[in-house]
Amino acid sequence: MKIRKEHVNWQGLLCGIPAKDYVSQDEPYEVQIQRAKDLIRNADAVIIGAGAGASTAAGICYGGKRFTDHFAEFIEKYGKQYMTDMYAAGFYPFPTEEAKWGYWSKHALMNRFIPPALPMYLELTYDAEDLFRKMDASRKDCLIPTELVPKCPVCGGRMTMHLRCDNYFVEDESWHAAADRYADFLEECKDKKVVLLELGV
């Protein structure tokens, strides 16, 4: 088995400079944009970090009116102090698998299947869209029927959404190969002018 490279230490790339010292919000926006253009133009490499904010910029908002309109039954049942937005609500300690998948079926439909151009990573071995639509249509009082709760096709155990939130996130050979390529790229860039461009992070 190949020995994996260590996780990336961003401090080396940023030279240990605290974020407040390299992110300036006191300058006019146009000046910041021009400076960013100049930095990118003169860079040897650009690293782009993209997060959930990119989906928000594309119109998929996890909070506000979109959340309260579409998840009102969950907010009422589990409490607005816990159901503050779609992200936070996903970590609620649902009491049963029927309750958990009642929430996640709605979440998947709203963020993966209704806006088809913006994918959410979902690792199921059967037709996920059909299953989530059945769950959504069958949901009563925030619960789905027991027979619709996804089960592992190998062991029959519980399943979960594919999120980096615990030690069950799938890191297969392809994932490790990509992580190794990224680590090699960072190693090659360590003495170069590198711009870290964060979009929606």
Side-chain angles (χ1 to χ4, degrees), residues 2-68 70-71 84-91 104 107-124 128-129 160-201:
K2 184 176 180 181
I3 296 175
R4 302 292 175 211
K5 293 179 173 68
E6 294 296 320
H7 287 283
V8 176
N9 179 351
W10 288 102
Q11 282 190 324
L13 280 172
L14 300 175
C15 305
I17 301 170
K20 65 179 179 56
D21 294 337
Y22 66 86
V23 177
S24 172
Q25 297 299 326
D26 294 333
E27 293 179 323
Y29 184 69
E30 294 78 16
V31 172
Q32 293 180 51
I33 293 297
Q34 185 58 52
R35 188 155 35 96
K37 284 171 53 178
D38 293 341
L39 287 168
I40 292 168
R41 186 178 297 118
N42 296 314
D44 297 317
V46 177
I47 298 171
I48 300 173
S55 298
T56 301
I60 294 186
C61 297
Y62 271 38
K65 185 171 173 30
R66 184 170 181 260
F67 176 66
T68 57
H70 294 285
F71 289 83
T84 57
D85 58 51
M86 285 182 238
Y87 178 78
F91 294 100
W104 278 110
H107 185 284
L109 283 174
M110 293 299 303
N111 298 299
R112 166 58 177 100
F113 300 114
I114 291 174
L118 298 167
M120 181 171 81
Y121 298 101
L122 186 63
E123 300 292 328
L124 295 176
E129 182 174 2
T160 188
M161 296 298 281
H162 191 219
L163 304 170
R164 184 174 288 285
C165 61
D166 58 24
N167 60 337
Y168 294 106
F169 186 78
V170 177
E171 293 181 4
D172 60 9
E173 284 303 312
S174 297
W175 186 95
H176 284 288
D180 289 348
R181 287 192 305 274
Y182 182 58
D184 290 342
F185 171 76
L186 292 178
E187 183 65 28
E188 291 171 19
C189 292
K190 71 179 182 184
D191 296 320
K192 296 179 179 180
K193 291 186 283 185
V194 179
V195 170
L196 175 59
L197 181 61
E198 293 187 344
L199 304 175
V201 176

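Values reported hereafter were calculated over all heavy atoms of this structure, with side chains retained and with hydrogens, waters and symmetry mates removed. Everything quoted here is computed from the prediction, not taken from an experiment.
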Interatomic spacing from [atom1] in [X] to [atom2] in [Y] - rounded to 0.5 Å:
X      : Y      : atom1 : atom2 : answer
Glu27  : Arg35  : CD    : CZ    : 4.0 Å
Leu109 : Trp104 : CG    : CH2   : 12.5 Å
Ile47  : Glu198 : CD1   : CD    : 10.5 Å

Which heavy atom in [X] sits nearest to a heavy atom in [Y], and how many Å separate them?
X      : Y     : result
Ala43  : Val46 : CB-CG2, 4.3 Å
Val195 : Leu39 : CG2-O, 3.5 Å
Lys192 : Asp44 : CB-OD2, 3.4 Å
Met86  : Arg66 : CE-NH1, 3.2 Å

For [X], all residues meeting ring-ring contact (aromatic ring centres under 6.0 Å, His included), sequence neighbours excluded:
X      : value
Phe185 : none
Phe91  : Tyr87
Phe71  : Phe67, Phe74, Tyr103

* To do: Could I get the full list of side-chain hydrogen bond (donor to acceptor under 3.5 Å, both in side chains) partners for Lys65, not counting sequence neighbours?
  => Asp69
* Quick one: side-chain hydrogen bond (donor to acceptor under 3.5 Å, both in side chains) partners of Asp38, sequence neighbours excluded? -> Gln34, Arg41
* Asked: Any side-chain heavy atom of Tyr62 sitting closer than 4.5 Å to one from Met110?
  -> no
* Applying salt bridge (Lys or Arg N to Asp or Glu O under 4.0 Å), name anything that partners Glu187, two or more places apart in sequence or on another chain. => Lys190
